[in-house]
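The sequence lines fix the lettering, A, B, ..., with proteins before strands; numbering per chain opens at 1.
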Protein chains: 2
Amino acid sequence: MPGGRMGAGWGGRFRGCGYRMTIPRQIIMKVLSGTDKHLSAEDIYMKAHKTNQDMGLTTVYRTLELLMQMGVVVKFDFGDGRARYELTEGTKSKHHHHLICTSCNRIVEYTDFMDEEMEFLKRAEKGLSKKHKFDIKSHIIQFYGLCDKCKKKK
Amino acid sequence: MPGGRMGAGWGGRFRGCGYRMTIPRQIIMKVLSGTDKHLSAEDIYMKAHKTNQDMGLTTVYRTLELLMQMGVVVKFDFGDGRARYELTEGTKSKHHHHLICTSCNRIVEYTDFMDEEMEFLKRAEKGLSKKHKFDIKSHIIQFYGLCDKCKKKK
DNA sequence: ATTGATAATGGAAACCATTTTCAATAAGAA
DNA sequence: TTCTTATTGAAAATGGTTTCCATTATCAAT
């Protein structure tokens, strides 16, 4: 993929869902596509703001809301009071889940057990979709506990 | 178990963690033990308030924070702006997970696939604990998507 | 039982991420 | 180009959660 076109191609996706493609939305997609981190709304706003000075934080929230409904983005809550967002179909990053320390809020990504996990998830999603008539777009798996340091501190 | 003693026995647990057992904490434990729903802080406050008029909302938040650190309670975020809390070792309710509609916020509990899930989780927790030196206390699994109604609406 | 150090409490005010409002602007079909 | 209508940004409002602080309660040591 040649550089400079990241985030392109999303126009059809938006229009297909009955929405318009706009400059702010393009920029936001570019930011989301260009990272492998979990960004907060403000993180995204700040990155986008560098490209387009007129970008407003409100638009970021509105677009994220849209993207979530489109199933393109997942929202995470790690318990620190601000939500994080991530593309579901991340081309950049490996599929991963999170370990969260309930004491210091440290977040560890892990990619272990992914094979088992994916297999389990595939079966579960299929079964749950059918039984509960849900159109499942994404999922979250998080483990909570005490990290090494906090364990010793106590 | 004879009635009227629900929530008792927690004193040791608190003291064991270096905290004191107090009336408000007893009442909060009673509320949490006595429900199989996911209560918000305010839900808990209102229930507790019936037993003890002096109960303050601040104390509920503080106690929940404590219980989370103790690994006794899990905090859920279903995306409606208020967190929900639930005992991890629920004697009342079956272990379950959640399906959440990203459009209307409807929450469906499911207990299907629990056997596979439990098996997977057991292995994952053991492996992750060792590898990342985490003391895992609880976990969250949530599926997001569109419920039957919202699917048709579009 | 009494004491005393200090953890815990409640109420009000502060915080701050997220929403709402609204007039101005831009997208895209005709 | 024109017109309809979705989208936008800024500021204000919202509301769940935290912080502050003076008062009260717990519980280990006496």
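Applying the 4.0 Å criterion to OP1 and OP2 of dT26(D), one finds that Arg15(B) has every side-chain N and O outside that range.
Of the candidates dA17(C), dT18(D), dG28(C), the closest approach to any side-chain atom of Glu42(A) belongs to dA17(C). Relative to the side chain of Pro24(A), the nucleotides dT8(D), dT9(C), dT17(D) differ in distance, and dT8(D) lies closest. When distances are taken from the side chain of Arg62(B) to each of dA12(C), dT9(C), dT21(C), the shortest belongs to dT9(C). When each of dG28(C), dT18(D), dA27(C) is scored by its nearest atom to the side-chain atoms of Thr22(A), the top-ranked nucleotide is dA27(C). Taking every side-chain heavy atom of Arg20(B) into account, dT26(D) is the closest of dG11(C), dT8(D), dT26(D).
Following rounding to the nearest Å, Met55(B) (CE) and dA25(D) (C1') show an atom-to-atom distance of 14 Å. Between Arg84(A) atom CZ and dA17(C) atom P the separation is 10 Å, expressed in whole Å. We find that CD1 of Ile27(B) is positioned 11 Å from P of dT26(D), with the value rounded to whole Å. In this entry the distance linking OH of Tyr45(B) with P of dG15(D) reads 18 Å, nearest Å.
For the pair Arg25(A) (side chain) and Arg20(A) (backbone), a donor-acceptor distance under 3.5 Å is present.
Of the two residues near DNA chain D, Asp80(B) and Thr58(B), the one whose nearest nucleotide lies more 5' is Asp80(B).
Residue Arg82(B) is in sugar-phosphate contact alone, with no base atom involved, counting any heavy-atom pair closer than 4.0 Å across all strands shown.
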